[in-house]
Amino acid sequence: MLLLIVSMFSCNVVSTSEVDESISSPSSIKFLAFGDWGRMGSQEQISNAEHMGSFADQNPLDFILSTGDNFYDNGVASTEDPHWTASFEDVYHHTSLMVPWYVVLGNHDYRGNVDAQIAYKSPNNDRWDLPARHYVKVFNKDSLKVALIILDTSPTETEYYSENKYKAVWDQDSSAQKLWFRSVMDTLTANYIFVAGHHPLYSGGKRLEETYSQLHHWEPLFRKYPVTAYLCGHEHDLQIHEADLGHQSPFLHIITGAGSEVRPTGTIPEESYAGSNVSTKFALSQNGFTVVECGVHSGKITLHSKGKKVYHRAISPL
């Protein structure tokens with residue numbers, strides 16, 4: 001089933017921590033988010049990268065967010081792995097994409113050498129930025145403050161603890177990560193907060209039945225702490241959902257995992273997430289990416305596919 005809805009909605013926000021001063025826009029902070037991309041320069045990957053570059057040429061970005069599964073099928077073996085050139089440097093070659101890339105780890109990244117992804121230094125403006133498995137970045141521009149909290153969601157995927165290909169997940173402490181998230185949010189002050197992980201909490205796509213582990217681990221925390229939006233991948237499509245988690249505004253849940261391979265998607269059946277009142281606002285099975293722009297007084301989220309805007313909504317600061 002394919003749903004294509006254009007929606008406008010104002011939501012409240014929050015934000016915070018470690019500071020990055022790489023803000024290029026004079027009046028706003030703008031970033032592009034996408035995931036599930038590293039396929040050695042496949043046709044779909046290159047096409048989407050060209051659209052990204054064309055957009056950024058006309059709309060300068062402050063940074064790029066990768067929502068994980070950076071290298072298929074088995075991550076990278078080392079900092080010298082051919083994937084770095086064939087899947088990353090040579091594909092995202094536009095000058096306008098030589099901004100910081102803040103990176104989430106996906107499940108396919110865990111099949112390889114995660115430490116190599118943390119250690120990698122890009123020869124192109126040192127743009128690859130993965131300082132740890134989970135971390136915080138804060139961006140300040142005059143009176144505007146935007147926070148980006150990166151989660152490591154593979155350790156909160158229950159099924160991985162019975163699969164040898166995810167053995168690297170087994171020694172990660174998901175309880176400690178959730179305590180870390182609480183400590184960050186308890187001291188967080190900013191105009192906008194975006195949280196990013198690889199796995200969705202809700203989906204109308206292939207992995208609908210596989211979302212419940214993430215729901216169990218993270219939804220209680222999103223009920224406690226309001227955020228501007230949660231951005232993720234794992235599903236190879238574009239989806240926008242809203243959930244009622246008891247805050248003044250709905251919880252905005254963005255799947256932006258259409259960086260190369262795409263899969264069928266659709267709306268979430270009403271009975272799938274009892275108690276969360278989740279509704280699908282948009283779903284599209286095409287390559288694409290998400291653009292987020294934050295201003296002091298207002299912001300916006302726009303989804304792009306094949307060189308066209310396919311969805312737009314307003315967001316508001318706290």
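Residue indices begin at 1 and follow the sequence shown. Predicted model only: the values in this text are computed from it and were never measured. Values below: every heavy atom of this structure, side chains too, minus hydrogens, waters and symmetry copies.
- Note that the OG atom of Ser203 and the CD atom of Glu209 stand 10.0 Å from one another [nearest 0.5 Å].
- Without hydrogens or angle criteria, Asn287 side chain to Ala258 main chain gives a donor-acceptor distance under 3.5 Å.
- When atom types are taken as modelled, the side chain of Asn191 and the backbone of Val146 share no donor-acceptor pair closer than 3.5 angstrom.
- Remark: the Asp69 side chain and the His198 side chain contain an N/O donor-acceptor pair separated by less than 3.5 Å.
- Taking Arg111 as the reference, nothing meets the salt bridge (Lys or Arg N to Asp or Glu O under 4.0 Å) condition, with sequence neighbours excluded.
- Ile255 and Phe282 fall into different hydrophobic clusters, defined by Ile, Leu, Val, Met, Phe, Trp and Tyr side-chain heavy atoms under 4.5 Å apart, directly or through other members.
- For His253 (side chain) and Leu201 (main-chain N/O), a donor-acceptor pair under 3.5 Å exists by modelled atom type.
- Within the 3.5 Å criterion, the main-chain N or O of Trp180 finds a donor-acceptor partner in the side chain of Ser183.
- Evaluated for a ring pair (Phe, Tyr, Trp, His ring centres under 6.0 Å) with Trp128, the options Phe88, Phe63, Trp101 yield exactly one hit, Phe88.
- The line from CD of Gln117 to OH of Tyr110 is 10.0 Å long, rounded to the nearest 0.5 Å.
- Under the rule for a salt bridge (Lys or Arg N to Asp or Glu O under 4.0 Å), the partners of Glu261 that lie at least two apart in sequence or sit in another chain are Arg39, Arg263.
- Ring centers of Phe194 and Phe31: under 6.0 Å apart, within the cut-off.
- Separation of the Tyr212 and Tyr273 ring centroids falls under the 6.0 Å cut-off.
- With sequence neighbours left out, Glu50 forms a salt bridge (Lys or Arg N to Asp or Glu O under 4.0 Å) with no residue at all.
- Under 3.5 Å, the side chains of Thr280 and Thr267 contain no donor-acceptor pair of N or O atoms.
- Side-chain atoms of His247 come within 3.5 Å of backbone atoms of Arg223 as a donor-acceptor pair (strictly under, hydrogens ignored).
- Counting only distance, with no hydrogens or angles, the side chain of Glu293 and the backbone of Ser28 share no donor-acceptor pair below 3.5 Å.
- A distance below 6.0 Å separates the ring centres of Trp37 and Phe71.
- A donor-acceptor pair under 3.5 Å links the side-chain atoms of Glu235 to the main chain of Arg207, judged by distance alone.
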Pair Lys206-Asp237, side chain to side chain contact (heavy atoms under 4.5 Å, CB included): steps then yes or no: CA-CA 10 Å; Lys206 172 186 176 182; Asp237 53 48; over 6 Å; no
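- Put simply, the side chain of Trp170 gets close to the backbone of Tyr160: a donor and an acceptor are under 3.5 Å apart.
- In this structure, OH in Tyr92 is found 8.0 Å from OG in Ser87, a value given to the nearest 0.5 Å.
- By the 4.0 Å N-to-carboxylate-O rule, Asp173 lies too far from Lys178 to be salt-bridged with it.
- With a 6.0 Å radius and a threshold of 12 heavy atoms from other residues, nucleotides or ligands, Glu80 has its CD atom at or below the threshold.
- In this structure, CD1 on Ile240 lies 5.0 Å from OH on Tyr311, to the nearest 0.5 angstrom.
- A search for ring-ring contact (aromatic ring centres under 6.0 Å, His included) contacts involving Tyr225 returns nothing, not counting sequence neighbours.
- Partners of Asp57 under the salt bridge (Lys or Arg N to Asp or Glu O under 4.0 Å) rule, at least two apart in sequence or in another chain, do not exist in this structure.
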Test log, rule side-chain hydrogen bond (donor to acceptor under 3.5 Å, both in side chains), inputs Glu89 and Ser122: CA-CA 8 Å; Glu89 304 291 1; Ser122 173; 2.7 Å; yes
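- Cluster membership check: Val91 does not share its hydrophobic cluster with Val262, using side-chain heavy-atom separations under 4.5 Å among Ile, Leu, Val, Met, Phe, Trp and Tyr.
- For the pairing with His199, the side chain to side chain contact (heavy atoms under 4.5 Å, CB included) check across Thr211, Val104, Asn107 returns one residue only, Asn107.
- Side-chain atoms of Ser96 do not come within 3.5 Å of backbone N or O of Ser54 as any donor-acceptor pair.
- Within 6.0 Å of CD in Gln58 there are 12 or fewer heavy atoms belonging to other residues, nucleotides or ligands.
- A salt bridge links Lys137 and Asp129; the closest N-O separation between the charged side-chain nitrogens and carboxylate oxygens is under 4.0 Å.
- Among pairs with a residue in residues 298-309, those fulfilling side chain to side chain donor-acceptor pair (under 3.5 Å) read Gln286-Ser305, at least two apart in sequence or across chains.
- Note that CZ of Phe34 is 8.0 Å distant from OG1 of Thr67, once rounded to the nearest 0.5 Å.
- Counting only N and O atoms by type, the side chains of Tyr230 and Glu219 include no donor and acceptor under 3.5 Å apart.
- By the rule that hydrophobic residues join a cluster once side-chain heavy atoms approach within less than 4.5 Å of another member, Val296 and Ile29 end up as members of one cluster.
- Distance check, rounded to the nearest 0.5 Å: OG1 of Thr290 to CD of Gln239 gives 11.0 Å.
- Both Ile301 and Tyr102 sit in one connected hydrophobic cluster of ILVMFWY residues. Membership requires side-chain heavy atoms under 4.5 Å apart, directly or through other members.
- If you chain together hydrophobic residues whose side chains sit under 4.5 Å apart, Tyr161 and Leu105 fall into the same group.
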Worked verdict on Asp36 versus Tyr72 for side chain to side chain contact (heavy atoms under 4.5 Å, CB included): CA-CA 8 Å; Asp36 303 82; Tyr72 288 96; 3.0 Å; yes
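- Checking side-chain atoms of Asp109 against main-chain N and O of Asn70 turns up a donor-acceptor pair under 3.5 Å.
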